[in-house]
Participant: 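The structure is given below, and queries will be raised subsequently.
Residue numbers run from 1 in the order of the sequence given.
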Amino acid sequence: MRGRAGLTVAGAALLLLVGSANGLLLAWQSSVQHRITHTLSVDRTLMQVLADLLDSETGQRGYLLTGDPAFLVPYTAGQARIAAELPVLEAELRSAPAQEARLTALRPAIARKFTELDRTLALDRAGDRDGALALVRAGEGKAEMDEIRRIIETMRAQEDDLLVGYQQHAHRIEAMVGIGSVVSVGIMALLAVLALREAARRAALSRFLPAELAPLLERGGSMERGGGLRLGERRHAAIAFVDMRGSTTIAERADPETVAILVTGFRRCVAQAARETGGVIDKFMGDGALVVFGVPETREDAAAQALAFAGRLEVLVAEWNAASGEPPVRIGIGVHCGEVFVGVVGDDDRLEFTVLGDAVNVAARLEQATKTFGTTTLVSQAALDASRTSGTEWHEVSRQPLRGRQEAFPIYGRAA
């Protein structure tokens, strides 16, 4: 009887130990996950403040160089976003005295930078654009921008150090689990540690991926939910290749500031068209871009989205040209669909989303062929078939093989 009672007491004690250990591990896991999330939030907000400030400065430069009031939109929008982001940073750093002190120094530096930007615009409004441009070319405000960069980089370095510390906590949990892994509490703790370390790794790496993909990778799961991105997968997708015509000639004749503004404006048009039609920007390549549809989630209307993207981008570029008052920017777009490899390549220090395959090469060749056929957009028969379009919007322009390829298939341009 006493033996059975002893076993009962031992069993109850073991259950209590398992429950207590699990509770402690879950509490520790929750605490560390919260700190990781908070650290990444601060880091992303700091990056956004710097990006918005650079947008404002680019808008100011663009307006002074071109006189196009459209450039004042990112200028004023950047100011408004920073005004909203600084209070968020203040709340997030309330319990970090060193970071609070840096934020206290950052606020007046940003204010001085906007005072400098406002001063050049005031000169322009007073009719002295040459004087305003002279200040810009003389490096007006460079010292303030360098100081802002220094403060923000110091603050981000502090957050990175914190992240490393939290990951070390995860290693300590793992060591504790190794000691008690022969019992159930060790097994359960090991699962908790693995979940914690994986969450920290996904959170730390997500900053390198496109905005459409990072949340999916953090959640894990199948390719449909993003987890398969790390292994890669073949799938049917639609591809749009975009290129800005004559940029080399423009670069030879214009100053670097004008070229930078031109490329920035072009990229904004591409980003807006992709955002409105469901595309993921694989990458910008100088004055070109590769946009993918049907990734990371399979979509039956991926080809239709790609055609809609091409049409929307043509409209946005036409509006941009009409507002600029400068010689019009011309573009070429090639659209194709087919099987591609999609995935995230690289190590945990730096990830890159990539799309590879013959379908990508065909889309690139179609974009190049727009020069030959004197049209803005060329699409393949495969893209039209997959989009289930009636075809009235498009007319056949060739059945000859594209340059550098042997197979021939119909290609289409937009009907007049």
Participant: With no hydrogens and no angle check, just 3.5 Å: does a side-chain donor-acceptor pair link T370 and R245?
Facilitator: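 Side chains of T370 and R245: pair found under 3.5 Å.
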Participant: Closest heavy-atom contact between F293 and G279?
Facilitator: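 So the minimum-distance heavy-atom pair works out to CE2-CA, 3.3 Å.
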Participant: Show the nearest heavy-atom pair for residues R399 and P410, with the distance to one decimal.
Facilitator: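 For R399 and P410, the tightest heavy-atom pair comes out as NH1-CG, 3.5 Å.
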Participant: Is it true that a side-chain atom of Q305 and a backbone atom of T277 form a donor plus acceptor pair closer than 3.5 Å?
Facilitator: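 Confirmed, Q305 side chain pairs with T277 backbone.
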Participant: Report yes if the side chains of L378 and V397 come closer than 4.5 Å at any heavy-atom pair, otherwise no.
Facilitator: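 Side-chain contact under 4.5 Å: yes.
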Participant: Between atom CG of D243 and atom NZ of K371, what is the distance when rounded to the nearest 0.5 Å?
Facilitator: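 Between D243 CG and K371 NZ, I get 6.0 Å after rounding to 0.5 Å.
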Participant: Checking salt bridge (Lys or Arg N to Asp or Glu O under 4.0 Å) for the pair R94/E100: CA distance, chi angles, key distance, verdict?
Facilitator: CA-CA 7 Å; R94 194 158 289 151; E100 280 187 306; 5.3 Å; no
Participant: Show me the pairs that pass ring-ring contact (aromatic ring centres under 6.0 Å, His included) and involve residues 100-126, at least two apart or across chains.
Facilitator: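 For residues 100-126: none.
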Participant: Report the C-alpha separation of V340 and R234 in whole Å, then their side-chain angles, then the decisive distance to 0.1 Å, and conclude whether the side-chain contact (heavy atoms from CB on, under 4.5 Å) test is met.
Facilitator: CA-CA 5 Å; V340 296; R234 290 196 172 277; over 6 Å; no
Participant: Checking side-chain contact (heavy atoms from CB on, under 4.5 Å) for the pair N361/R405: CA distance, chi angles, key distance, verdict?
Facilitator: CA-CA 10 Å; N361 299 332; R405 302 184 64 85; 4.1 Å; yes
Participant: Check the pair Y63, Y75 against ring-ring contact (aromatic ring centres under 6.0 Å, His included), reporting the backbone distance first and the verdict last.
Facilitator: CA-CA 9 Å; Y63 173 72; Y75 173 73; 8.8 Å; no
Participant: If we only count heavy atoms from C-beta on, is the L54 to M145 side-chain gap below 4.5 Å?
Facilitator: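 In contact.
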Participant: To the closest 0.5 Å, what do you measure between OG1 (T45) and CD (E90)?
Facilitator: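 If we round to the nearest 0.5 Å, T45:OG1 and E90:CD are 13.0 Å apart.
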Participant: Run the side chain to side chain donor-acceptor pair (under 3.5 Å) test on R414 and T375 for me, step by step, so that the C-alpha distance in whole Å, both residues' side-chain angles and the decisive distance to 0.1 Å come before the verdict.
Facilitator: CA-CA 8 Å; R414 199 177 300 277; T375 186; over 6 Å; no
Participant: Verify, without hydrogens or angle tests, whether D301 (side chain) and A304 (backbone) share a donor-acceptor contact under 3.5 angstrom.
Facilitator: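 Not confirmed, D301 side chain does not pair with A304 backbone.
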Participant: Could you check if a side-chain atom of R119 sits within less than 4.5 angstrom of a side-chain atom of L135, using non-hydrogen atoms only?
Facilitator: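 They are in contact (side-chain heavy atoms under 4.5 Å apart), so the answer is yes.
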Participant: Looking only at non-hydrogen atoms, find the nearest pair between A132 and L64 and report the distance.
Facilitator: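 In terms of heavy atoms, the two residues are closest at CB-CD2, 4.1 Å.
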Participant: With a 3.5 Å cut-off and no angle check, do the side chains of Q368 and R403 form a donor-acceptor pair?
Facilitator: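 Short answer, yes.
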Participant: What pair of heavy atoms forms the shortest contact from V379 to L366, and how long is it?
Facilitator: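 Smallest interatomic distance, heavy atoms only, reads C-CD1, 4.3 Å.
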Participant: Distance check, rounded to the nearest 0.5 Å: T120 atom OG1 versus L133 atom CG?
Facilitator: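 Nearest 0.5 Å value for the OG1-CG distance: 8.5 Å.
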Participant: Mark yes or no for whether Q99, through its side chain, and M155, through its backbone, hold a donor-acceptor pair below 3.5 Å.
Facilitator: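 Confirmed, Q99 side chain pairs with M155 backbone.
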Participant: Test side-chain contact (heavy atoms from CB on, under 4.5 Å) on F241 and I333; report intermediate values, then the result.
Facilitator: CA-CA 6 Å; F241 242 100; I333 308 170; over 6 Å; no
Participant: Could you measure the distance from the CD atom of E367 to the OG1 atom of T377? Nearest 0.5 Å is fine.
Facilitator: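 These two atoms lie 10.0 Å from each other.
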Participant: Is there a side-chain contact between L402 and I411 (heavy atoms, below 4.5 Å)?
Facilitator: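 With C-beta onward as the side chain, the pair touches.
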Participant: Rounded at 0.5 Å granularity, tell me how far CD1 in I151 sits from CZ in R107.
Facilitator: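 The CD1 atom of I151 sits 12.5 Å away from the CZ atom of R107.
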Participant: What's the verdict on salt bridge (Lys or Arg N to Asp or Glu O under 4.0 Å) for K113 and E147, showing C-alpha distance, side-chain angles and the deciding distance?
Facilitator: CA-CA 10 Å; K113 180 60 183 176; E147 175 66 7; over 6 Å; no
Participant: Do L53 and I82 make a side-chain contact, defined as non-hydrogen atoms from C-beta onward lying under 4.5 Å apart?
Facilitator: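 In contact.
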Participant: Does any non-hydrogen side-chain atom of D282 lie less than 4.5 Å from one of V291?
Facilitator: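 In short, these two side chains do not touch, never coming nearer than 4.5 Å.
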Participant: Would you find a donor on one side and an acceptor on the other, under 3.5 Å apart, between the side chain of D128 and the backbone of D124?
Facilitator: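 Side chain of D128 to backbone of D124, a donor-acceptor pair under 3.5 Å: no, none is there.
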Participant: How close do S387 and A303 get, heavy atom to heavy atom, and via which atoms?
Facilitator: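 Where S387 meets A303 most closely, the heavy atoms are N-CB, 3.7 Å.
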Participant: Report yes if the side chains of H336 and R365 come closer than 4.5 Å at any heavy-atom pair, otherwise no.
Facilitator: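 H336 does not reach R365 side chain to side chain.
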Participant: Hydrogens and angles aside, do R102 and T154 bring a side-chain donor and acceptor to less than 3.5 Å of each other?
Facilitator: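 No.
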Participant: Just wondering, are more than 12 heavy atoms of other shown residues or ligands nearer than 6.0 Å to CZ in R330?
Facilitator: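 No, because the 6.0 Å sphere around CZ of R330 holds 12 heavy atoms or fewer from other groups.
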Participant: Taking the side chain as C-beta and beyond, is there a heavy-atom pair between V355 and F341 under 4.5 Å?
Facilitator: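 No. Closest side-chain heavy atoms not under 4.5 Å.
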Participant: Before you tell me yes or no, could you show the steps for F284 and V263 under side-chain contact (heavy atoms from CB on, under 4.5 Å), namely the whole-Å CA-CA distance, both residues' side-chain angles and the distance that decides it to 0.1 Å?
Facilitator: CA-CA 10 Å; F284 282 111; V263 173; over 6 Å; no
Participant: Counting only heavy atoms from other residues, nucleotides and ligands, does the tally under 6.0 Å from CD of E407 exceed 12?
Facilitator: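 Above 12, so yes.
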Participant: Check residues 265-274 and write down every donor-acceptor pair under 3.5 Å in which the side-chain atom is one partner and the other belongs to a residue at least two apart or another chain.
Facilitator:
| unit_1 | atom_1 | unit_2 | atom_2 | d |
| --- | --- | --- | --- | --- |
| R267 | NE | G286 | O | 3.4 |
| R267 | NH2 | G286 | O | 3.0 |
| R268 | NH2 | D55 | OD1 | 3.4 |
| Q272 | NE2 | E276 | OE2 | 3.0 |

Participant: How many angstroms lie between CZ in R275 and CZ in R312, if you round to the nearest 0.5 Å?
Facilitator: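 Reported to 0.5 Å precision, the distance equals 10.0 Å.
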Participant: Looking only at heavy atoms, which two atoms of V292 and A237 are closest? And how far apart?
Facilitator: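 For V292 versus A237, the nearest heavy atoms are CG1-CB, 4.2 Å.
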